Enquirer: 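Okay, here's the structure, questions in a sec.
Whatever order the structure lists them in is the order used to number ligands and atoms, beginning at 1. If you're wondering where the values come from, they're calculated on a predicted model, not measured in any experiment.
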Amino acid sequence: MTSTYLDYNASAPLRVEARTAMLDALADLGNPSSVHAAGRKARARVEKARLQVARLVGRGPDSVIFTAGGTEANNLAIQSAVASGSRRLVVSAIEHDSVLEPARRAVAATEIWPVTTAGLADLDWLKAHLSNWTPDDGRPFVALMLANNETGIIQPVAEAAELVHQAGGWLHVDAVQAAGKMALNMAETGADSLALSAHKLGAPQGVGALVFGPGSVMVRHQHGGGQERGRRAGTENVAGIAGFGAVAELGIQSSPPAWRDAAARRLVTAGAIDVGAGCLRLDNTLCLVTPDYAADLQVMGLDLAGIMVSSGSACASGKVAPSHVLAAMNLGDLAGNAIRVSGGFATTEEDWIRFADAWLELYSRHQTRRHVSAA
Ligand code: PLP
C-alpha cells in the first residue's frame, strides 16, 4: 500500500539538506564552548546556523536564541515579559498550547483575546482593551500567532503590532507554522519577539529559536553555563542546530494551493466544510469539518487507507480533544469533527488526489452505515 503523509503541520519529513548537515556535525567532536580546534569548529557550525536562521526572518544573528523547540521559545518570551514587569498578558484564543498554558500559569493576569467567526483575531477588541491599561498593569504583552496550526489562517499581525506599539507594548508572534511556508520578515510583521521550530521546516525535532527585536527584553531562563549569551544555559544541540540552519537557508518550500483547493472542492461538494476558505491562509493547510462524522473515525479510516492526517492540532491528536481553535471560531458543536490535512515540500498533486479519493469513499461508507442504523 502506498503511504501518503499529509501531516506536515505536525512535523515535516527530514530534508536531505538537514540530514547532511547533521551527519557532518555528528561526525565531529567538540563542545562549542571549548577553545580548542574541535570546540571552535563546533562553535562555527552553531554560528553559521544562527546566521541562516536570522536571515530566514530578516534579522541579524545576534537576535537569535536557540532553544529546544517552538514550545520553549514561546515559554521564554512569556517568562521574559513577566520577569521584566508585564502584569497583564493578552493571548489570542487560537494560540498553540505552548502560548496558552504558560500564559495561564504566569504570575500575571491573562486575558484571552477572541477571534471573529472567520478565525481572525478581533482588532477592535484589542484596541478597546489596550485603552484601559493602567500603570499597575505594567507593560502590555500581547501574543498573536502568524498562521494558525489547525486552519492555516494568517492573522493580522502587522495591524495588531501597530496597536500594541501605540500602547507601548510588546507583541510576541508564534511563527512556528508560518516559517518556511510564507514570506516572513520580522520587521514587516512588527513582532518584538518571534518563535520558530525546526521540525516544521524539515529539520529535526527538539530544536527551535526565539528571535527578539529591540522592543523585547530577554531574561535568563535556564540557569547554568553562559551559553546563548547567558540567556539559555546548556550545551547547544550542535547537530540539530546545524540541520535547522541548513533548511532555513532553503527559504519557502510549500505545496501549491491549487492541489489543496481541488481536493477541498470535491469534499465540500460531498458535504464537508472547508474552514478558512476565502481567508488568507497557508498554501499547504486544509481544515475540514464534516457534520455527523467524528474526526477520530476519519483519521483512523484514512490511516487504514495509508493516508496520514490529524484531528485538531498535532499535540491534541494523541488526546482526542475537540479543537479549541474551532470552538473560538464559534464552531464548538463541530469542533470534534475537524481534520487537518497539510502538505509540504515533498507532497505531490497525486497525494492530494489520493487523499480526496479515499476520504470520499470512506464518507460514502460512513453515510451508508448511518442510514442503515437509522432505518
Ligand atoms: N506553535 C505552534 C503554532 C505549533 O504548531 C507548534 C507545534 O505543533 C508549536 C508551537 C510547538 O513547537 P515544538 O513542537 O517545536 O515545541
Enquirer: Do L171 and I78 share a hydrophobic cluster (ILVMFWY, side-chain heavy atoms under 4.5 Å, transitive)?
Expert: no
Enquirer: State plainly whether the residues E47 and R50 are in salt-bridge range, i.e. N to O under 4.0 Å.
Expert: yes
Enquirer: Using a strict 4.0 Å cut-off to heavy atoms of H199, name the atoms of ligand 1 that fall inside it.
Expert: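 Ligand 1 atoms under the 4.0 Å threshold to H199: 13 (P), 14 (O), 15 (O).
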Enquirer: Under a 4.0 angstrom heavy-atom cut-off, which atoms of ligand 1 come close to Q177?
Expert: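 Every atom of ligand 1 under 4.0 Å from some heavy atom of Q177: 3 (C), 4 (C), 5 (O).
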Enquirer: If you measure from atom 3 (C) of ligand 1 to every heavy atom of D174, N9, V99, N75, which option wins on shortest distance?
Expert: D174
Enquirer: Kindly confirm or rule out a cation-pi arrangement of R15 over F345, judged by NZ or CZ under 6.0 Å from the six-membered ring centre and within 45° of its axis?
Expert: yes
Enquirer: Compare A68, G70, S98 and give the one whose heavy atom is closest to atom 13 (P) of ligand 1.
Expert: G70
Enquirer: Where's the contact between Q205 and ligand 1, heavy-atom distance under 4.0 Å: side chain, backbone, both or neither?
Expert: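 Neither; no heavy atom under 4.0 Å.
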Enquirer: So is R88 actually on top of W133's ring, under 6.0 Å and inside 45° of the axis?
Expert: yes
Enquirer: Below 4.0 angstrom from a heavy atom of M145, which ligand 1 atoms are there? Numbered from 1 as shown, please.
Expert: 3 (C)
Enquirer: Taking only Lys NZ, Arg NE, NH1 and NH2, and the carboxylate oxygens of Asp or Glu, determine whether R281 and D274 approach each other closer than 4.0 Å.
Expert: yes
Enquirer: Can you tell which part of K200 has a heavy atom less than 4.0 Å from ligand 1: side chain, backbone, both or neither?
Expert: side chain
Enquirer: Looking only at distances, please establish whether an N/O atom of ligand 1 is found under 3.5 Å from an N/O atom of T71.
Expert: yes
Enquirer: Considering only heavy atoms from C-beta outward, does the side chain of R266 approach that of D357 to under 4.5 Å?
Expert: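 Answer yes - side chains close enough.
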Enquirer: What atoms of ligand 1 come within less than 4.0 Å of a heavy atom belonging to G69?
Expert: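 Counting from 1, the qualifying ligand atoms are 15 (O).
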Enquirer: Look at D137 together with R87 and state whether they make a salt bridge at an N to O cut-off of under 4.0 Å.
Expert: no
